[in-house]
There are 2 protein chains.
Amino acid sequence: MTTDNAAAPRRRGAVRTEELLRVTFELAAEVRYSDLTIAAVARRAGVGKHTIYRRWSTKSELLLDALHRALGPALDYRDTGDVRADLREQFIRSSAALLSPAIWPVYRAVIIAAQDDDALRERLYRQFLAVIEQHTLDRLTSAQRAGELVADADLGYPAEVLCGALYYRGLLSTRPIDEAAIDGLLDMFMAAYAASP
Amino acid sequence: MTTDNAAAPRRRGAVRTEELLRVTFELAAEVRYSDLTIAAVARRAGVGKHTIYRRWSTKSELLLDALHRALGPALDYRDTGDVRADLREQFIRSSAALLSPAIWPVYRAVIIAAQDDDALRERLYRQFLAVIEQHTLDRLTSAQRAGELVADADLGYPAEVLCGALYYRGLLSTRPIDEAAIDGLLDMFMAAYAASP
DNA sequence: TGTCAACGGCACTGGTGGTGCCGATAGCAT
DNA sequence: ATGCTATCGGCACCACCAGTGCCGTTGACA
């Protein structure tokens, strides 16, 4: 009996970290939130629990880190001079990214975990939601300066409302987030704030 | 002898049931979601776990039942002929009810639990969210008939958006749901849909 | 080649959801 | 008033989890 064998060599450091994040996404996409456990991630990765706790002190930390690495680029806004078209393109693109089967399970897990943890909720808002709101607001302000939107409107609420409606569908409603929904949102927004010709 | 009331014979069960629901609200208001356990409810009520499982097959059932009993009345709409004032009054009143320290912890717990359970999510939407949306839509349609709102608008999205914005703040944003927020929402809505004089 | 931190495995504590079994008791019919 | 029976509380039990400690192994770098 030979000492086997073809078993994968034990990986360390950064390589393990990447693999653990990958496994986290994989598992989050397959199981329910209550089964998305540190122990389960460790089992699937063929790793001791210590190897996870050494990197992230809580499950929330792991999830937030995973999300952060996956989301970076999807949140940029174009400015072509047509604010409705830009918003439409941006909402379709970012909702597709956030709600993709790869990312949404982790995103939702963070949202759930944040309901128990004020510090995490603060980080979630600051690192993701506030960023999206601010980018939206920036684009709206630019449109306002360009005369596309009425000059005296407070655009803070609309930026929040546009985002909020999408999360409402994702978390609570049973209706899908599709282009029709986004067009419906934008119809309401433009009816309220488009500058009269 | 009248047709005997096989429906609600006041057994010791009913008294216990009321007490268990009361304890559930009490505990939900005090501890984090992850500590809102069947065992904890049983302990505080001085009851065996069986006494709970005999009534509700899962924690979700218990929470949904508790919520259902507590929320009934808060969801009615007035119709005074001034749609903005009616919506304002209704949103302030219903958000105060939903977000009260007594109810919101249980409501939020149901929302969290629903993320793991499609059937519960369907019931949550049908029994609460869809009811609120529909009442809002009914009031909007009435206003449309009365000539307060533009005649050709599709009011389905606005009804959803108005609700969605509040849940966004309650679950995700770190900003409060106050009268200023509700006025901001209504400003946007009225700017989009108020009939021109 | 040697060193040492990172690693995987195992065990342990204290908690959970959920079930089974027990003897006690409350409430109803008689 | 008495007895019958479902409900009750208590306890033990299973499988699983978060989180920590210990130990022998191993891989990467000096």
Worksheet item: Would Tyr193(B) and Tyr157(A) show up in the same hydrophobic cluster when neighbours are defined by side-chain heavy atoms closer than 4.5 Å?
Response: no

What is the distance, to the nearest angstrom, from the [atom1] atom on [X] to the [atom2] atom on [N]?
{"X": "Lys59(B)", "N": "dG18(C)", "atom1": "NZ", "atom2": "C1'", "value": "13 Å"}
{"X": "Ile52(B)", "N": "dG20(C)", "atom1": "CD1", "atom2": "C1'", "value": "17 Å"}
{"X": "Ile38(B)", "N": "dT19(C)", "atom1": "CD1", "atom2": "P", "value": "11 Å"}
{"X": "Glu19(B)", "N": "dC8(D)", "atom1": "CD", "atom2": "P", "value": "11 Å"}
{"X": "Tyr53(A)", "N": "dG21(D)", "atom1": "OH", "atom2": "C1'", "value": "14 Å"}
{"X": "His50(A)", "N": "dA5(C)", "atom1": "NE2", "atom2": "P", "value": "16 Å"}

Discussion item. Are the side chains of Arg121(B) and Ile111(B) in contact, using a 4.5 Å heavy-atom criterion?
Written reply: no

Worksheet item: Crowded around Asp154(B) CG? As in, over 12 foreign heavy atoms under 6.0 Å?
Response: yes

Worksheet, complete the sentence: Among the nucleotides dC7(C), dC17(D), dT20(D), whichever has the atom closest to the side chain of Ala39(A) is dC17(D)

Worksheet entry | Lys59(A) NZ/CZ over Tyr33(A) ring centroid, <6.0 Å and within 45° of normal | yes

Discussion item. Go nucleotide by nucleotide along DNA chain D from the 5' end; which of Gly46(B) and Lys49(B) gets its closest nucleotide reached first?
Written reply: Gly46(B)

Does [X] place a side-chain N or O at less than 4.0 Å from the phosphate oxygens OP1/OP2 of [N]?
{"X": "Arg43(A)", "N": "dC17(D)", "value": "yes"}
{"X": "Arg55(A)", "N": "dC7(C)", "value": "yes"}
{"X": "Arg54(B)", "N": "dC8(D)", "value": "yes"}

